[in-house]
Amino acid sequence: MAQRKVPVEEILDTLQQLYPDAHCELNYRTPFELLIATILSAQCTDKRVNEITAPMFEKLNEPEHYLHLTQEEMEEHIKGLGLYKNKSKNILETCRILFEKYNSEVPQTHKELEALPGVGRKTANVVLSNAYGIPAIAVDTHVFRVANRLGLAKSENVDEVERQLMKRIPREKWSDAHHWLIWHGRRICSARNPQCAVCPLQSMCRYAQAEAKKAASKKKA
DNA sequence: AACTCGGGGCA
DNA sequence: TGCCCAGAGTT
């Protein structure tokens, strides 16, 4: 079935108008704090991460501050974020590597970042983009869902979604587009109950049109 | 590709 | 009660 071409420009412009101030909602003061906050953000809300890291970063804001911590002490700091055993282990190990191998600096390449335990493609992209201003599109659950709904990407694989977005979106807009898609996913294009009725992208969204069609046929029946 | 880690939030 | 949350590592 022939689909109309996805109006990428129009979608991006609309998102920019909707979220002119879109930004990273994790609180951090340094690349290191952003790295830790992002590792912690796996499968839990950024709001919750901020509540935990606010007091934690008062004392623990450099890799060397974590070196003497036991696994149990680390778990105590991040309790309530879920996945706490993995996160604790990964953070302690990552801090040790940063201290020993990188002079306590956070590296600036995908390869080096993704070699750190607990750091995958998404976290590396967040750090590169937000802390170092290197254009990147971090595909989290929101970006994944919204991009697929809008037709900006069409894949069940996150790496493939990232490739498709990088191909369709001009490089200088990657970092902003990443935030627009996340903000849209949180505010309107939510997973379970998307507010298509108030969405300015409705007319150019395949998902919204498919939903409208479903609703119409349901009403009829 | 599927599974596991995991407590908190929300309908 | 079920599903989701700014994922990563293992099998």
Side-chain angles (χ1 to χ4, degrees), chain A residues 15 18-19 21-28 31 33-57 71-72 74-95 97-98 106-107 110-132 134-150 152-153 155-162 165 169 174-195 207:
Chain A
L15 285 170
L18 254 183
Y19 313 111
D21 303 316
H23 58 273
C24 177
E25 295 185 279
L26 290 170
N27 291 337
Y28 66 97
E33 288 188 356
L34 177 59
L35 175 63
I36 299 302
T38 310
I39 290 174
L40 290 175
S41 73
Q43 297 301 107
C44 70
T45 61
D46 54 341
K47 188 178 167 190
R48 187 122 186 83
V49 173
N50 287 337
E51 292 170 2
I52 300 283
T53 56
M56 193 175 92
F57 285 160
Q71 171 92 23
E72 290 71 25
M74 191 67 236
E75 290 175 8
E76 199 59 31
H77 278 291
I78 67 170
K79 205 158 55 176
L81 291 182
L83 311 179
Y84 63 96
K85 282 187 189 300
N86 288 338
K87 289 176 180 176
S88 297
K89 189 162 166 245
N90 289 335
I91 286 175
L92 292 182
E93 180 66 5
T94 283
C95 287
I97 295 174
L98 289 179
V106 176
H110 275 109
K111 187 175 179 181
E112 291 171 309
L113 283 168
E114 289 180 45
L116 299 170
V119 181
R121 181 79 190 174
K122 182 259 169 182
T123 299
N125 276 332
V126 167
V127 170
L128 291 173
S129 168
N130 291 297
Y132 291 128
I134 298 171
I137 302 177
V139 180
D140 64 0
T141 58
H142 292 307
V143 174
F144 181 86
R145 179 183 65 254
V146 176
N148 270 305
R149 283 180 177 171
L150 287 171
L152 291 173
S155 172
E156 293 304 309
N157 178 281
V158 290
D159 293 327
E160 179 59 23
V161 167
E162 183 186 340
L165 288 175
I169 299 173
W174 285 358
S175 297
D176 284 335
H178 157 72
H179 288 123
W180 297 334
L181 292 171
I182 287 183
W183 280 42
H184 192 56
R186 292 189 57 176
R187 288 159 179 75
I188 294 179
C189 196
S190 59
R192 268 181 295 180
N193 191 22
Q195 306 298 307
Y207 176 84

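Computed from a predicted structure; not experimentally measured. Chain letters run A, B, ... following the sequence lines, proteins first, then strands; residues in each count from 1.
If you measure from atom CZ of A:R48 to atom C1' of C:dC4, you get 15 Å, rounded to the nearest angstrom. Distance, A:L40 CG to B:dG6 P: 13 Å, rounded to whole Å. Taking atom NZ of A:K79 as the reference point, atom P of B:dG8 lies 10 Å away to the nearest angstrom. At whole-Å resolution of the value, NZ in A:K89 and C1' in B:dG6 are 16 Å apart. Rounded to whole Å, the distance from CG on A:L81 to P on B:dG7 is 12 Å. One interatomic measurement links the two molecules: CG of A:D176 to P of C:dA6, which rounds to 20 Å at whole-angstrom precision. Look at CZ on A:R145: it is 12 Å from C1' on C:dC3, rounded to the nearest Å. Taking atom CD1 of A:I78 as the reference point, atom P of B:dG8 lies 13 Å away to the nearest angstrom.
Side chains of A:I36 and A:F57 form a contact here, defined as non-hydrogen atoms less than 4.5 Å apart.
Remark: the separation of the P atoms in B:dG8 and C:dA8 is 22 Å, to the nearest Å. The same atom, P, is picked in B:dC3 and in C:dC4; the two are 16 Å apart, to the nearest Å. Nucleotides B:dA2 and C:dA6, compared at atom P, are 24 Å apart to the nearest Å.
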Atom pairs, protein N/O to nucleotides 7-11 of chain C N/O, distance under 3.5 Å:
{"residue": "C:dG7", "atom": "OP2", "partner": "A:S41", "partner atom": "O", "Å": "3.4"}
{"residue": "C:dG7", "atom": "OP2", "partner": "A:Q43", "partner atom": "N", "Å": "3.1"}
{"residue": "C:dG7", "atom": "N7", "partner": "A:Q43", "partner atom": "OE1", "Å": "3.2"}
{"residue": "C:dA8", "atom": "OP1", "partner": "A:G120", "partner atom": "N", "Å": "3.0"}
{"residue": "C:dA8", "atom": "OP1", "partner": "A:T123", "partner atom": "N", "Å": "3.0"}
{"residue": "C:dA8", "atom": "OP1", "partner": "A:T123", "partner atom": "OG1", "Å": "2.5"}
{"residue": "C:dA8", "atom": "OP2", "partner": "A:K122", "partner atom": "N", "Å": "3.4"}
{"residue": "C:dG9", "atom": "OP1", "partner": "A:G118", "partner atom": "N", "Å": "2.8"}

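For the side-chain contact (heavy atoms from CB on, under 4.5 Å) test with A:V49, the passing option among A:T53, A:I52, A:T45 is A:T53; the others fail.
Legend: side-chain hydrogen bond (donor to acceptor under 3.5 Å, both in side chains) pairs involving residues 134-144 of chain A, not counting sequence neighbours, sorted by first then second residue: A:H142-A:R145. Legend: side-chain hydrogen bond (donor to acceptor under 3.5 Å, both in side chains) pairs involving residues 80-90 of chain A, not counting sequence neighbours: none detected.
For the pair A:R186 and C:dC4, the criterion of a side-chain N or O lying under 4.0 Å from OP1 or OP2 is not met.
Between A:G80 and A:N157, the residue anchored closer to the 5' end of DNA chain B is A:N157, taking for each the nucleotide with the nearest heavy atom.
Inspection of the A:H179 and A:Y19 side chains reveals no N or O donor paired with an N or O acceptor under 3.5 Å.
Of the charged side-chain nitrogens involved, none lies within less than 4.0 Å of a carboxylate oxygen, so that A:R48 and A:E25 do not count as a salt-bridged pair.
With A:W183 as the aromatic partner, A:R186 does not meet the cation-pi criteria of under 6.0 angstrom to the ring centre and within 45 degrees of the ring axis.
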